[in-house]
Amino acid sequence: MRFLLILLFIPTLLQAQEFQFRQELDSIQVWDGEYQMPAPWTGGYAQSSPDFCDIDEDSDQDLFVGNGTGMISFYRNEGNSSLPVFNLEEEAFSIINVSNLMGWSKPVFWDMDADGDFDLFVGSGRSLVRVYENIGSAVTPDYIVFEDTLKDANGNWFYCDRPQFVDIDDDGDQDLFCGRFPGTIDFYRNIGDSTHYIFQLEQLGIQGIDVGYSSAPAMVDIDSDGDYDLFIGNKYGKIYFYRNDGTPQQYDFTLVSNNWFGIDVGDYASPEFCDIDADGDYDLFIGKDNDLTYDIPGAMQYWENTGTPQNCNFVQRNQNYLTFDAGNSCTPVLCDIDSDEDLDLFFSTNAQLGWMRNNGTPQNPDFEIRTFNLMELSPGSCQFTNLDGDAIPDLITAGGWSGLITYYRTRFNNGNPEFVEIGEMDTPYAINQMTLGDVDSDGADEMVLGGYLTYPSSPILAYYENSGSPGYPNFTFVTSNWQNLVDSMIWLFPVLIPTLIDVDMDNDLDLLMVNYDTNTVFLYTNIGSPQSPQFQLTSQNFLNEVMPNEPALGYGDIDADGDMDIFTGHYQGGIKFFRNVTDTSAIKPYLKPFTPTEPTLSLFPNPSNAGAVVRFTLPGAGWWW
């Protein structure tokens with residue numbers, strides 16, 4: 001199991017309790033069909049870019065994934081050359097970071113000094129390339145910056161969206177093809193040798209090739225004729241195939257297809273080839289993004305070559321090859337939709353609602369992705385509550401820009417939930433997040449909306465009281481500045497993301513808010529009562545982690561141990577999981593401060609006799625121990 005330990009200290013008014021959350025990457029399994037993801041809870045990848053090499057010299061291919069953070073994720077192959085088993089080692093390559101060169105990382109491994117180990121070249125968002133030398137060994141790599149920005153023989157910077165090294169002239173050293181953001185390919189010949197590279201610009205925009213923005217080249221002998229063919233992913237999610245009709249010494253590329261095998265990964269296709277199953281032909285892995293196309297989920301695709309080394313035939317086997325990724329701006333919501341006493345997981349994106357069914361137990365969840373598109377959604381958020389008094393949770397959605405609240409009754413069809421619209425409520429707001437909770441402890445959920453009236457001003461935290469009854473809500477607007485909290489939260493604006501949750505297990509609801517300036521989560525502890533909340537800021541870094549790219553919060557007791565665990569959705573399209581590992585046996589109920597008032601006393605009968613009974617009524621709820 002891969003996890004990170006996170007200690008969270010939540011001060012209270014009368015006592016301090018140490019809360020512990022542990023980030024876990026693979027402890028809860030997620031299945032996509034028959035495929036088990038090795039690390040489902042990474043938060044997803046934006047603009048993923050894969051590269052393979054045998055980094056530990058154990059005769060199988062390990063996998064490295066660059067992404068929009070500028071860092072690299074390392075998946076060690078703990079299987080073998082024909083049956084890979086990838087395990088994420090998140091911290092192993094933490095030194096590699098090109099975020100200061102702007103944007104994403106695109107790694108390529110090559111033994112640049114012929115010393116028997118792999119060195120690393122990383123393309124970046126500014127089309128600059130950073131070089132890391134391996135000063136360790138072939139088994140235990142250790143990287144230092146060798147060249148902050150790669151330069152050619154004349155001292156000029158390389159402008160290379162994604163580098164690709166290959167001995168294109170059969171002289172024993174690696175030459176360089178540079179994919180450029182305008183969609184062209186530049187060629188640099190290595191006039192040095194295998195131990196010391198010197199790249200000399202030979203041709204800008206080779207052979208008039210233009211794939212129309214953001215060319216990501218990959219070169220492999222796909223037809224086993226002894227020379228390297230050229231494949232180029234582009235911004236629009238397609239792959240161009242150029243067959244090499246030249247010789248091993250002199251390339252001559254001919255366009256065969258501008259949409260090879262009909263592949264469309266959404267945005268920013270980044271192809272990489274590897275014989276992952278040791279059957280003698282090259283399989284295909286495609287990094288991707290979802291910048292414009294939200295309906296193609298996944299962070300990386302795997303296409304198996306079912307043909308031969310001479311005549312390839314690619315079949316898509318998986319679109320979530322390493323980690324769960326719904327595509328873009330993922331928001332997790334937990335609820336027991338099928339009444340089997342364990343929590344299922346729903347995830348909303350900018351365009352649709354998906355569902356993972358929990359096939360495990362309340363203590364040991366095991367998720368199966370049932371669909372990425374259970375229903376179409378306007379960009380916004382959703383929550384579950386009871387709308388019709390039955391035992392099945394119903395759905396409420398909040399349209400982001402539209403401000404429209406829509407109510408759906410849940411029904412099942414062949415084991416799958418279906419949502420039937422039964423009403424709506426219009427609001428004047430742009431809604432970042434809707435959250436529901438029994439704020440006044442009457443058994444029925446209230447509604448809180450975070451958002452704004454006009455962008456980028458007029459933030460709101462709108463409170464709608466539930467004047468209905470449990471199972472039959474009737475939301476009535478009360479205020480757009482709930483508890484006068486907006487003024488204290490103004491520095492969190494323009495994105496107010498509220499989540500109601502009982503963090504400290506004192507039987508009232510606390511409030512979590514995301515700060516998009518610091519990318520941290522703020523905790524407002526309820527120092528009032530279950531019937532009359534009063535919030536106080538007690539932590540500016542709940543979970544003790546910086547979470548870039550717009551986190552959104554979901555929660556639930558996923559392991560049935562009596563405390564709330566946290567799931568954070570991210571702009572990249574994935575989810576992170578934080579298990580609450582607090583020792584709850586040490587927690588006492590939290591005693592609220594209150595101003596004493598006179599209790600109500602009565603004596604029965606009055607006048608009294610030997611059997612008199614004294615009755616008294618407290619002015620408010622309290623705890624006794």
I'd like to know if the side chain of [X] reaches the main chain of [Y], judged simply by a donor and an acceptor atom lying under 3.5 Å from each other, with no hydrogens or angles considered.
X: S270; Y: I286; value: no
X: D54; Y: S59; value: yes
X: D62; Y: N77; value: yes
X: D325; Y: Y45; value: yes
X: N154; Y: N156; value: no
X: N234; Y: V211; value: yes

Does any part of the side chain of [Y], heavy atoms only, come nearer than 4.5 Å to the side chain of [X], both counted from C-beta?
X: R76; Y: D56; value: yes
X: M37; Y: D32; value: yes
X: T195; Y: M112; value: no
X: L128; Y: F158; value: no
X: V145; Y: Y132; value: yes
X: F522; Y: Q540; value: yes
X: N305; Y: L284; value: no
X: F93; Y: P141; value: yes

So, [X] and [Y], do they make that salt bridge, N to O below 4.0 Å?
X: K576; Y: E24; value: no
X: R189; Y: D175; value: no
X: K238; Y: D264; value: yes

Regarding [X] and [Y], is there a side-chain donor-to-acceptor distance under 3.5 Å anywhere?
X: N313; Y: T306; result: yes
X: N97; Y: R130; result: no
X: D277; Y: S82; result: no
X: E78; Y: N87; result: yes
X: Q174; Y: N190; result: no

message = Once you measure the plane-to-plane angle for W110 and F199, does it fall in the parallel (<30°), tilted (30-60°) or perpendicular (>60°) bin?
response =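 Ring orientation of W110 relative to F199: tilted.
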Do the ring centers of [X] and [Y] come within less than 6.0 Å of each other?
X: F64; Y: F52; result: no
X: F285; Y: W303; result: no
X: F347; Y: F324; result: yes
X: Y228; Y: Y251; result: no
X: F165; Y: F121; result: yes
X: W260; Y: Y240; result: no

query = Does a sphere of radius 6.0 Å around OH in Y213 hold more than 12 heavy atoms from other residues, nucleotides or ligands, not counting ones at 6.0 Å or beyond?
reply =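 Count not over threshold, so no.
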message = Is it true that, when you exclude E34 itself, more than 12 heavy atoms of the residues, nucleotides or ligands shown sit nearer than 6.0 Å to its CD?
response =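 Counting neighbours around CD of E34, 12 or fewer heavy atoms of other residues, nucleotides or ligands fall under 6.0 Å, so no.
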Least distance between heavy atoms, [X] atom then [Y] atom:
X: Q23; Y: L25; answer: NE2-CD2, 3.7 Å
X: R579; Y: S27; answer: NH2-OG, 3.3 Å
X: V122; Y: V98; answer: CG1-CG1, 3.8 Å
X: P459; Y: L496; answer: CB-CD1, 4.0 Å
X: I222; Y: D229; answer: N-OD2, 3.1 Å
X: F261; Y: C312; answer: CZ-O, 3.8 Å

inquiry  = salt bridge (Lys or Arg N to Asp or Glu O under 4.0 Å) for K288 and D267? Distances and angles first, verdict last.
reply    = CA-CA 6 Å; K288 62 188 290 290; D267 298 283; over 6 Å; no
query = V65 and side chain to side chain contact (heavy atoms under 4.5 Å, CB included): which partner among S48, P107, S105?
reply =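 The single option meeting the side chain to side chain contact (heavy atoms under 4.5 Å, CB included) with V65 is S48.
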message = Consider side chain to side chain contact (heavy atoms under 4.5 Å, CB included). Of Q249, M219, Q250, which one does I168 pass it with?
response =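 Option passing the side chain to side chain contact (heavy atoms under 4.5 Å, CB included) with I168: M219.
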task = Could you check F542 against F21 for ring-ring contact (aromatic ring centres under 6.0 Å, His included), going step by step and ending with a plain yes or no?
result = CA-CA 10 Å; F542 183 75; F21 284 80; 5.6 Å; yes
ask   = Given the rule in the side-chain hydrogen bond (donor to acceptor under 3.5 Å, both in side chains) test, do D161 and S215 qualify, once you have shown the distances and angles that lead to the verdict?
value = CA-CA 7 Å; D161 195 37; S215 59; 6.0 Å; no
query = For T254 and D245, what are the C-alpha separation, side-chain angles and deciding distance, and is it a side-chain hydrogen bond (donor to acceptor under 3.5 Å, both in side chains)?
reply = CA-CA 7 Å; T254 301; D245 291 330; 2.7 Å; yes
